[in-house]
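To start, the structure itself, in structure tokens.
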Amino acid sequence: QVQLVESGGGLVQAGGSLRLSCAASGRTFSNYAMGWFRQAPGKEREFVAGISRSGATTGYADSVKNRFTISRDNAKNTVSLQMNSLKPEDTAVYYCAADRRTFYYTAESDLYDYWGQGTQVTVSS
């Protein structure tokens, strides 16, 4: 069992930045690939970014590429999402998730085993 707790969400103007963090407890954090997903009102949950167990491999949705950066610190059991040049369409609840089966990362939400409770990000125009 892995417990995930997100933090760092809030209200920001378009063009601004936020840094989300996800703290993990329970099993060995480095045994899990990690992902960030988001869900806007009335929309399905979508993949944002993923990172491999070691942190050497990362991937992003096209909509956030070159604006968001995912990273992890296995010594501190944390995964972060640095979000720059935020747009109103980035407004959503952001979730971190842990996948115990994939070494790299997957964009398929169904393959993740554990989820945090989410943190709200609101970008005003």
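None of these values were measured; they are calculated from a predicted model. Heavy atoms only: backbone and side chains are in, while hydrogens, waters and symmetry mates are out.
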Which atom of Ser125 lies closest to which atom of Ala14, heavy atoms considered: CA-CB, 4.3 Å
side-chain contact (heavy atoms from CB on, under 4.5 Å) between Cys96 and Glu6, worked out: CA-CA 7 Å; Cys96 70; Glu6 301 98 336; 3.7 Å; yes
CG on Leu111 to CZ on Arg101, rounded to 0.5 Å: 6.0 Å
cation_pi(Arg72, Phe29) dist<6.0 Å, angle<=45: yes
Asp113 side, atom CG; Thr102 side, atom OG1 - distance, nearest 0.5 Å: 8.5 Å
ILVMFWY cluster, Val48 and Ile70 together (side-chain gap under 4.5 Å): yes
Identified side chain to side chain contact (heavy atoms under 4.5 Å, CB included) counterpart of Arg38 within the set Asp90, Val121, Thr91, Thr119: Asp90
Asp73 CG to Thr78 OG1 distance, which is reported to the nearest 0.5 Å: 4.5 Å
ILVMFWY cluster, Val2 and Tyr104 together (side-chain gap under 4.5 Å): no
Distance, nearest 0.5 Å, that separates CG of Leu4 from OH of Tyr95: 13.0 Å
Distance, nearest 0.5 Å, that separates CG of Asn74 from OH of Tyr32: 12.5 Å
Donor-acceptor under 3.5 Å (Ser52 side chain, Thr57 main chain): yes
Candidate pair Trp36 and Leu20, rule side-chain contact (heavy atoms from CB on, under 4.5 Å), full reasoning: CA-CA 10 Å; Trp36 283 97; Leu20 305 183; 3.7 Å; yes
Which atom of Gln120 lies closest to which atom of Ala92, heavy atoms considered: NE2-O, 3.4 Å
Donor-acceptor contact below 3.5 Å, side chain Arg53 vs main chain Arg100: yes
Any donor-acceptor pair under 3.5 Å from Gln117 side chain to Val5 backbone: no
Inter-residue atom distance Tyr105.OH - Phe47.CZ, 0.5 Å rounding: 5.5 Å
Transitive ILVMFWY side-chain link Tyr112 to Leu81, under 4.5 Å: no
Parallel, tilted or perpendicular: ring planes of Tyr94 versus Phe68, cut at 30 and 60 degrees: tilted
side-chain contact (heavy atoms from CB on, under 4.5 Å) between Ser71 and Gln82, intermediate numbers included: CA-CA 8 Å; Ser71 60; Gln82 177 66 42; over 6 Å; no
Any donor-acceptor N or O pair under 3.5 Å, side chains Ser124, Gln13: no
Same apolar cluster: Phe37 and Met83, side chain cutoff 4.5 Å: no
Lys65 atom NZ, over 12 foreign heavy atoms within 6.0 Å: yes
Shared hydrophobic cluster for Val79 and Tyr114 (ILVMFWY, side-chain gaps under 4.5 Å): yes
Thr106 side-chain N/O to Glu108 backbone N/O, donor-acceptor pair under 3.5 Å: yes
